[in-house]
Number of protein chains: 2
Amino acid sequence: MKDQPGQTRIQRKNRAAILEAALNVFSQHGFRGATVDQIAREAGLSKPNLLYYFPTKDAIHVSLLSELMDTWLDPLRALDPNGDPTDEVLAYVRRKLELSRDFPRESRLFAQEIVQGAPRIGEALATDLKTLVDDKAEVIRAWSEAGKIAPVDPHHLIFSIWSLTQHYADFDVQVRAVLGPERDPFTEAEGYLDGLFRSMLAPAP
Amino acid sequence: MKDQPGQTRIQRKNRAAILEAALNVFSQHGFRGATVDQIAREAGLSKPNLLYYFPTKDAIHVSLLSELMDTWLDPLRALDPNGDPTDEVLAYVRRKLELSRDFPRESRLFAQEIVQGAPRIGEALATDLKTLVDDKAEVIRAWSEAGKIAPVDPHHLIFSIWSLTQHYADFDVQVRAVLGPERDPFTEAEGYLDGLFRSMLAPAP
DNA sequence: TTTCTTTTTGACCAACCGGTCAAACTCACG
DNA sequence: CGTGAGTTTGACCGGTTGGTCAAAAAGAAA
């Protein structure tokens, strides 16, 4: 009954606890701002015990980021070239907004890495990410060309989807401070973003 | 010929050099990630010499942030209730994008502070910022009501302007990695964002 | 139980950090 | 020039940090 080869029950449990704790601390204080001791305490372990599972603080961070990259791009991968153009884009926006709502710590972790110049995942941006985006941009370009959606730059369209959805996770404090305690940012954002992209993508009559 | 009272020529020069260096380091590594030594070296001073001008590392950071807040909100303050609605909003977008292009370090400094929960300027968000935004949101709401622009939530409209323009500064590495070295993000963004907001704000016929 | 492996920990270390301080140096100005 | 205020620095300090290590404790298998 060994799920992962070479992984004991205790190893699985502790590794998961460490990554969960590290996500909390890293996303709130950044890499340098986080201390191994803090992560260990939050994971219910002693510092040397944590270093038994991950060789360095860096290794934890890299492990989090690489695991994150995949799930973060899943919604874009799901964009179906054979679906209805407007529906596909709007569904992508919705899925991306849900990701921001349900995984804000992951979003902030990613944001901090990029803002600081992507020192740890810069390579993946110019290869894996660019490949995927170029691929989907071509799909969108074809939709534009066929008159199914308004003519827009596909790359900037994707940027604007990232920007608008992640904003509600990354700048959560600011958004809530401005809206006040009575309003729910994510619920409102869903309707607003739907309207925004719908009007921009509406093909010329 | 004393510009600032109680400030010698050397004081002015060194204070400016320190703030300039601190902006570089803080925006790239965050508060905790920056070291006083690093800022001092980049400013061409020794560490104790730097501490002669600013009592603590924290004081430098606060000085930067408070100076930034003002200039950062100037474009929104300039939104004229008596101007043409569409022109005013589009001009705001353009000014905000220029700010991102010309002061990307400032944008990233601000972004890091917010992402980390705004521990140093959180108070100002719920007071000064909210007041200004609520004020301008009311102007926009009136424009919508009068049928001069399409009906949109004014607060989220402002959020989307912040989000879309700052994205090109804060996520510069990612944007350039995806677009490739031949394309210029900011030039393209100007046209794209103009089209985006124009189509969203176009009043129903 | 015994034996072997996996897990946990207290003590420790070298490097680094923000900040202090007294002494030395530099500069403007009479 | 002299003199006093403004400026710079090397040496230093207490606390923190990422990481090591040997040895103890806990599990697993027989």
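Every chain is numbered from 1 and lettered A, B, ... according to where its sequence line falls, protein lines coming before strand lines.
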Taking atom C1' of D/dG10 as reference, at what distance in whole Å does atom CG of B/Leu45 sit? 16 Å
Do the numbers put B/Arg105 on top of the ring of B/Phe110, so that NZ or CZ is under 6.0 Å from the six-membered ring centre and no more than 45° off the axis? no
How would you summarise protein contacts on nucleotides 19-30 of chain D per nucleotide, using B for base, S for sugar-phosphate only and - for none, with heavy-atom distances below 4.0 Å? BBB------S--
Can you name the residues that form a salt bridge (Lys or Arg N to Asp or Glu O under 4.0 Å) with A/Asp84, not counting sequence neighbours? none
Backbone N or O of B/Pro75 within a donor-acceptor pair of the B/Lys96 side chain at under 3.5 Å? no
Using a 3.5 Å distance criterion without hydrogens, assess whether the side chain of B/Ser163 forms a donor-acceptor pair with backbone atoms of B/Phe159. no
Just how far, in rounded Å, is C1' of C/dA15 from CG of B/Asp37? 13 Å
What integer distance in Å separates A/Gln11:CD from C/dT5:P? 15 Å
Atom pair distance, as rounded to whole Å: CZ in A/Arg12 and C1' in C/dT6: 15 Å
For the side chain of A/Asn49, starting at C-beta, report the closest nucleotide among C/dT8, C/dG18, D/dT8. C/dT8
Rounded off to whole Å, could you give me the CZ-to-P distance for the A/Arg32 and D/dT16 pair? 16 Å
Using only side-chain N and O atoms of B/Thr8, determine if any of them is under 4.0 Å from OP1 or OP2 of C/dA28. no
Between A/Ser46 and C/dT8, does any side-chain N or O lie under 4.0 Å from OP1 or OP2? no
Would you kindly give the CZ-to-P distance between B/Arg41 and C/dG18, to the nearest whole Å? 11 Å
Mind checking whether A/Phe26 and A/Phe31 have parallel, tilted or perpendicular rings, split at 30° and 60°? parallel
Within the structure shown, what part of the strands sits under 4.0 Å from B/Ala34 by heavy-atom distance: base, sugar-phosphate, or nothing? sugar-phosphate
Which part of the nucleic acid, if any, lies within contact of B/Phe54, taking any heavy atom under 4.0 Å across all strands shown: a base, the sugar-phosphate backbone alone, or nothing? nothing
Give a yes/no on whether any side-chain N or O of B/Asn14 is located under 4.0 angstrom from OP1 or OP2 of D/dG6. no
Separation of A/Thr71 OG1 from A/Leu99 CG (nearest 0.5 Å): 6.5 Å
A/Arg176 to A/Tyr168, cation-pi by 6.0 Å centre distance and 45° axis angle: no
Is the shortest side-chain N/O distance from A/Tyr52 to OP1 or OP2 of C/dT8 below 4.0 Å? no
B/His61 NE2 to C/dG19 P, straight-line distance once rounded to whole Å: 13 Å
Return the value, rounded to whole Å, for the distance between atom CD of A/Gln38 and atom P of D/dT17. 8 Å
